[in-house]
Amino acid sequence: MESTDTGVQGTAPPGTSRGPGAVANPARWVVLAVTLSAIFMQMLDTTITMVALPSLQSDLGATFAEIQLVVAVYSLAFACVLVTGGRLGDIYGRRKVFLIGMLGFTVASVLCGAAPGSTFLIASRVLQGMCSGLMFPQVLSIIQVTFSTKERPKALAMYGASIGLGTVLGPVLGGWLIDLDILGTDWRAIFYVNLPVGLIALCLGLAKIPESSAEDSSRLDVVGALILSAGLFSLILPLVIGREHDWPGWSLVLLVLSPLLLVEFFVYEKKLTKLAGKSPLVPTGLFKERSFTVGLIISVVFFAGIPSFFMTFFMSLQIGFGYTPISAGLVSLGFALLIAVGSARSTAVVKRLGTKTLAVGTGLLLVGMAGVIGTLHWAGSDLHGYQLIPSLMVAGLGGGFFLAPCTGIILAGIRSREAGAASGMLATVQQVGIAIGIAVAGILFYGLLGSNADGAAQAAVPQLRQDLAAAGLSEAQQDKATAGFETCFHDRMNQKDLTETPESCARIEQEMASTPAPAEVKEKVQAAVLGEAVPEARKTNFGDSFEQVVYWQIGCFGLSCLLVLALPKVRPEDVGDVPGGA
C-alpha cells in the first residue's frame, strides 16, 4: 500500500517539494511567521493553562475534576482530530484547512476567556483542541512547499524554536498576565491574548499563504476516527470525574466499553488495510514493526509524566504554599530553559549515542524527579520554590534529550513505506498520553490531599495549642478549639471544591464570634487558627501529597527508560531530523 502523507511528519508531500531551481515565494517569510504563530499559540495554550488552574478554580467555583478536564480535553480533542486533520489538508487544501483551524481556534479562545462557568469553559476547550488538530498537521507541509531545499533547514529550525519558545513562555507569560489583571480579566487574559495574534495571522494568511494539496491524497477514514475518538473519550472522561462522583455506574460502563471500542478500532483498521483503494487511519501492517509498536507505548507512557507533574506542581505552589501565578511560573522557568538547551544539543548527542540518547534523557528525568522528592521531604512545610530549581533543571535537560529526537529515533527503526502514517499516529498518542497522565495524577493527588489531611492538621496542633495558651484560653477551651480546627481542616480537604467553606468551619467561626471573651482574645485566637495553624497544615498537606504523587512520574519515566531498551538499535546517521516530533 502506498504511503500517505498526513502532514504531521517532516517529509514533503508527493509532487509538491520545491527544488533548488524553483522560483522563491517572495512572501515566504511572512508565510512562515503566520504558520509559526499557530504553533506558538498551540504550545502556549498547553502550558499557560497549568499556571492558571488555581485562579480559574477560585473564580468559577470549579471542582477538582472540572479543572482537570480544562487541561485534559484540550489534548484529547487535539489527538482525535490530528491525523484526520492532515488528511483533510491533503484533500481540500492545506491553506484552507489551516485558516479554518486558525479561525476556530481564535473564536474558541475568546469563548474560553468569556466562559461564565466551568462547563462552558470545558466545552470551549474541546473546540479549541479540535481546531488545533486541524492547524498543526498543515504547518510542516506548508513549510515544505513554500521553501526551497536550501532554505528549508532554516525554516524548520525556526519551527522547532517556536515550539520551545511556546513551552518556555507558557507558565511565565500566564503568571504575568494573571498578575497584571488587565481590565479585571484575571485568568481570562491567558485566552484573550490569542485574539490579536489570531486575527493578524488570519489576515496575513488569507493574503500570503499559497494553496497546496497532495496529488495522491487518500480518502478520509471517518468511521475509524469516530471509533477511536469514542474509545479515548470513554477512557479519559470517567477517569477524570468518576472519583468525584463516587464512581457511578455510567463511569464503570464507559471504562469497560473503552477497551472494547479500541479493539474494534484495530479490527476495523485491519479490515480496511486489506481492501483495495481504502485508506485506514492507521495501516495495521505498522504494528508488525517493533519500533512502531514499542514507540507508541513509549509515547503514551512518557507523555503521561511531564504535563501531569506540572499540573500538581502549580496547584501545590499556589494553593498550598501561597505563591502568586507569576512566582510559580518563574520557579518552573529553569525546567523549560533546560529543555530548550537539551533539545538544541540533542542532535550532537544522537550522533554519538543513537537510540541510547532516549535512555540518557529518561535517566536524567529520573534523577531530577528523585531530587524533587528529596527536596520536598527535606524542606517539608518550610519549602521555598527556589530549592526545587536544581532538580527541575536536571529534569529539564533530560526532557530535552528525549523530546527533540524521540520521533526521529522511532521512525528510523521503521523499515516500511508507512513512516508518514507512523509519525502522525505517534503525535496522536503523545496527546493521548498527556490526557491519561493528567487523569491518573489527578485521582492520586486529590485522593492524597484527603487522606493526608488529618496528619497535616495534627502536625500543626502543638504550635496551635501554644498560641491558644498564650492567648489566655483554658485547657478545655484549647481542646475544643483544636478539635474544631482538625474537623474543619479534614472537611475542607475532602470536599470537591476547596474554595467552599464546609459546614464545620462555618460553625466554628460562629462559635468564636458568639463566645463571651474580650475582643483582644478573639483576635489572638483567630490569628492562631487562621493565620498560623491553617496555612501550616495546608503547606504540610500539599507538600506531602505532591511528594507522594511524584512517584507517578518516577514510574512513567522509569518504564519509558526500560521500553527504550526494547527499541531496535538504529545507527546515529539513520536518525532523521523530524522537527516538532515532540
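Residue numbers run from 1 in the order of the sequence given.
Between the side chain of Asn452 and the main chain of Asn541, no donor-acceptor pair closer than 3.5 Å is present. Of the possible donor and acceptor atoms, none in the side chain of Glu532 sits under 3.5 Å from a partner among the backbone N and O of Leu464. Between the side chain of Asp181 and the main chain of Asp186, a donor-acceptor pair closer than 3.5 Å is present. With hydrogens and angles ignored, the 3.5 Å screen pairs a side-chain donor or acceptor of Thr540 with a backbone N or O of Glu536. Side-chain N or O atoms of Arg188 include one that pairs as donor or acceptor with a backbone N or O of Ala115 at under 3.5 Å. Of the possible donor and acceptor atoms, one in the side chain of Trp552 sits under 3.5 Å from a partner among the backbone N and O of Ala304. In this structure a side-chain-to-backbone donor-acceptor pair under 3.5 Å is missing from Tyr323 to His384. The backbone N or O of Gly329 sits less than 3.5 Å from a side-chain atom of Ser332, completing a donor-acceptor pair. Gln318 places a side-chain N or O within donor-acceptor distance of the main-chain N or O of Val51, the cut-off being under 3.5 Å.
Remark: Phe557 CZ to Leu366 CG distance equals 8.0 Å, nearest 0.5 Å.
Side-chain contact between Val282 and Leu228 is absent, with no heavy atoms from C-beta onward closer than 4.5 Å. For the pair Leu237 and Leu69, the minimum side-chain heavy-atom distance is below 4.5 Å. A heavy-atom distance below 4.5 Å is not found between the side chains of Gln57 and Val70. Leu468 has its side chain out of reach of Phe485: every pair of non-hydrogen atoms, C-beta onward, lies at least 4.5 Å apart. Using a 4.5 Å heavy-atom cutoff, the side chains of Ile306 and Phe402 are not in contact. In this structure, the side chains of Phe105 and Leu134 stay at 4.5 Å or more apart for every pair of heavy atoms. Within the 4.5 Å cutoff, no side-chain heavy atoms of Cys406 are placed close to those of Phe302. Using a 4.5 Å cut-off on side-chain heavy atoms (C-beta onward), Met135 and Gln42 make contact.
Ring geometry for Phe64 versus Tyr446: interplanar angle under 30°, hence parallel rather than tilted (30 to 60°). In this pair, Phe310 and Phe313 present their aromatic rings perpendicular. The plane angle is above 60°, beyond the 30 to 60° band.
Under 3.5 Å, the side chains of Thr375 and Gln387 contain no donor-acceptor pair of N or O atoms.
Environment of CE in Met130: sparse, with no more than 12 heavy atoms of neighbouring residues, nucleotides or ligands closer than 6.0 Å. The number of heavy-atom neighbours closer than 6.0 Å to OH of Tyr551, taken from other residues, nucleotides and ligands shown, is 12 or below.
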Yes or no on side-chain contact (heavy atoms from CB on, under 4.5 Å) for Trp187 and Leu60, after CA distance, side-chain angles and deciding distance? CA-CA 11 Å; Trp187 60 269; Leu60 298 179; 3.9 Å; yes
Evaluate side chain to side chain donor-acceptor pair (under 3.5 Å) for Gln458 paired with Asp454, printing each intermediate quantity in order. CA-CA 6 Å; Gln458 290 169 8; Asp454 291 344; 5.8 Å; no
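Taking the centre of each ring, Phe309 and Phe445 stay at or above the 6.0 Å mark.
The two residues Ile410 and Ser299 come nearest to each other via the heavy atoms CD1-OG, 4.4 Å.
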